[in-house]
Amino acid sequence: MTIEMREGYEGTGPGAITPDGCAVELYSRLSVGDEPDIIAGAVPAGAHILELGSGVGRMTHPLLERGFTVTAVDESAEMLERVRGARTICSPIETLDLAGEKFDVVMLASFLVHNGDDEVRRGMIDACRSHVADDGCVLIQREGEDYHTNLPRERQDPSGFTIRMLSAEPVGNGVNSVRAEYVFPDAVWTQTFLARPLTKEAFEEALGESGLKVDRYLTEDRVWVRAVPA
């Protein structure tokens, strides 16, 4: 099955590229940082987590190791083929409908809440709300305050590659076209994607439109957020 690229998204480099420009092989190489610890500290032990946009399982696998049950959702079958030990569902997040199934925790990481298409973003947050138990929570990863302005910037990963955030060019309606480059000794990948900067106020307003509210910000930089049904 061929899935068309989303408009405004592009990826280059070896291997399969997903509709939003992510390279499957690249994401299989990326290390996981402190995210699993942040998540584990914010939710009940052994919780059943619905992970929206799981990719190859970069966070799925550490969460499984910590004793959580995970249902991993991604629109890329090639990504999900790399996931081990979790139930997998191939679907776009914004149209996900698990027929009334509810989860202790719903997770929307990878800055997906900044999707440049307002309808897609609303659909993603609606999916979070419709699949979280009334006494559950939603964990969301936001962009840092200077994500679109501290450019260009680069970071050396301890595992031996360089991540470069090259540019964020306005394309209208408050949306930027962001370009990133990942340089390994044996390969280079690029990704171009659309992202909407959201102030804290705009972010909280978007949650409210879908029936969620911030419970607390989990990190000092307010990148990780715990939300609950309003």
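No hydrogens, no waters, no symmetry mates; every other heavy atom, side chains included, goes into these values.
- In this structure, the side chain of Lys102 does not engage the main chain of Gly136 through any donor-acceptor pair within 3.5 Å.
- A distance-only check finds no donor-acceptor pair linking the side chain of Arg122 to the backbone of Glu94 [under 3.5 Å].
- Atom CE of Met79 and atom OG1 of Thr88 lie 14.0 Å apart (nearest 0.5 Å).
- Here the side chains of Glu81 and Val56 are not in contact, with every heavy-atom distance at 4.5 Å or above.
- Judged by distance alone, the side chain of Arg129 and the main-chain N or O of Ile125 form no donor-acceptor pair under 3.5 Å.
- Residue Leu198 is grouped with residue Met124 when hydrophobic side chains (ILVMFWY) are merged at heavy-atom distances under 4.5 angstrom, including chains of intermediate members.
- Between the side chains of Arg82 and Ser28, at least one donor N or O lies within less than 3.5 Å of an accepting N or O.
- Between Leu80 and Ala72 the shortest heavy-atom distance is CD2-O, 4.0 Å.
- Tyr9 contributes a side-chain N or O that, together with a main-chain N or O of Leu194, makes up a donor-acceptor pair within less than 3.5 Å.
- Between Pro92 and Arg6, the shortest heavy-atom contact is CB-NH2, 4.1 Å.
- Contact record, Pro62 with Pro36: CB-CG, 3.7 Å, taken as the closest heavy-atom pair.
- Using a 4.5 Å heavy-atom cutoff, the side chains of Cys137 and Val132 are not in contact.
- Under 3.5 Å, the side chains of Thr190 and Thr12 contain a donor-acceptor pair of N or O atoms.
- Of the inter-residue distances, the one linking Thr69 atom OG1 with Leu63 atom CG reads 11.0 Å to the nearest 0.5 angstrom.
- Note on Phe193: it does not cluster hydrophobically with Leu166, by side-chain heavy-atom contacts below 4.5 Å among ILVMFWY residues.
- Between the side chains of Ser76 and Asp74, no donor-acceptor pair is found at a separation under 3.5 Å.
- Between His48 and Phe103, the two ring planes are perpendicular [angle over 60°; tilted spans 30° to 60°].
- No option in Glu169, Arg196, Glu143 other than Glu143 meets the side-chain hydrogen bond (donor to acceptor under 3.5 Å, both in side chains) test with His148.
- Inter-residue side-chain proximity for Asp104 and Pro44 is flagged as unmet; no heavy-atom pair is nearer than 4.5 Å.
- With Asn173 contributing its side chain and Val175 its backbone, the two residues share no donor-acceptor pair below 3.5 Å.
- Asp117 places a side-chain N or O within 3.5 Å of a backbone atom of Val120 that can act as its donor or acceptor partner.
- Residues Val73 and Ser91 share a closest heavy-atom pair of CG1-O, 3.7 Å.
- A donor-acceptor contact closer than 3.5 angstrom is absent between the side chains of Glu101 and His131.
- Side-chain contact check for Met59 versus Ile39: some heavy-atom pair is nearer than 4.5 Å.
- Using a 4.5 Å heavy-atom threshold, the side chains of Ser54 and Thr60 count as touching.
- Annotation: side chain of His114 is not in contact with side chain of Tyr147 (no heavy-atom distance under 4.5 Å).
- The shortest heavy-atom contact between Val171 and Ser177 is CG1-CB, 3.7 Å.
- Within the 4.5 Å cutoff, side-chain heavy atoms of Ile89 are placed close to those of Thr71.
- Between the side chain of Gln141 and the backbone N or O of Glu35 there is no donor-acceptor pair closer than 3.5 Å.
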List the steps, then state whether side chain to side chain contact (heavy atoms under 4.5 Å, CB included) holds for Val178 with Thr192.
CA-CA 6 Å; Val178 182; Thr192 303; over 6 Å; no

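- Leu96 and Val106 end up in the same hydrophobic cluster when Ile, Leu, Val, Met, Phe, Trp and Tyr side chains are linked at under 4.5 Å.
- To the nearest 0.5 angstrom, Glu75 atom CD is 9.0 Å from Cys22 atom SG.
- The pair Asp126-Arg121 does not meet the salt-bridge criterion, since no charged nitrogen lies less than 4.0 angstrom from a carboxylate oxygen.
- Side-chain atoms of Thr162 and Glu154 include no donor-acceptor pair closer than 3.5 Å.
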Do Lys200 and Tyr217 pass the side chain to side chain contact (heavy atoms under 4.5 Å, CB included) test, and can you show the C-alpha distance, the side-chain angles, and the key distance before you say yes or no?
CA-CA 11 Å; Lys200 176 174 173 286; Tyr217 288 90; 3.4 Å; yes

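- Under the 4.5 Å side-chain contact rule for hydrophobic residues, Leu52 and Ile140 share a cluster.
- The two residues Val70 and Ala86 make their nearest non-hydrogen contact at O-CB, 3.3 Å.
- The distance from the CG atom of Asp157 to the CG atom of Leu30 is 7.5 Å, given to the nearest 0.5 Å.
- Looking at Trp189, its side chain does come within 3.5 Å of a backbone N or O of Pro14 through a donor-acceptor pair.
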For residues 222-230, dump all side-chain donor-acceptor pairs below 3.5 Å to protein atoms at least two apart in sequence or in another chain.
residue, atom, partner, partner atom, Å
Arg222, NH2, Glu145, OE2, 3.3
Arg226, NE, Ala42, O, 3.0
Arg226, NH1, Asp215, OD2, 2.8

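- Note on Val105 and Leu218: same hydrophobic cluster, where clusters join Ile, Leu, Val, Met, Phe, Trp and Tyr whose side-chain heavy atoms are under 4.5 Å apart, directly or indirectly.
- A cation-pi arrangement is present between Arg142 and Phe203 under the rule of less than 6.0 angstrom and at most 45 degrees off the ring axis.
- Atom CZ of Arg153 and atom CZ of Arg164 lie 13.5 Å apart (nearest 0.5 Å).
- Phe161 and Phe184 have parallel rings, their planes meeting at less than 30° on a 0 to 90° scale where 60° marks the start of perpendicular.
- Arg179 places none of its side-chain heavy atoms less than 4.5 Å from the side chain of Gln191.
- Note that CG of Leu50 and CG of Leu139 are 11.5 Å apart. Values are rounded to the nearest 0.5 Å.
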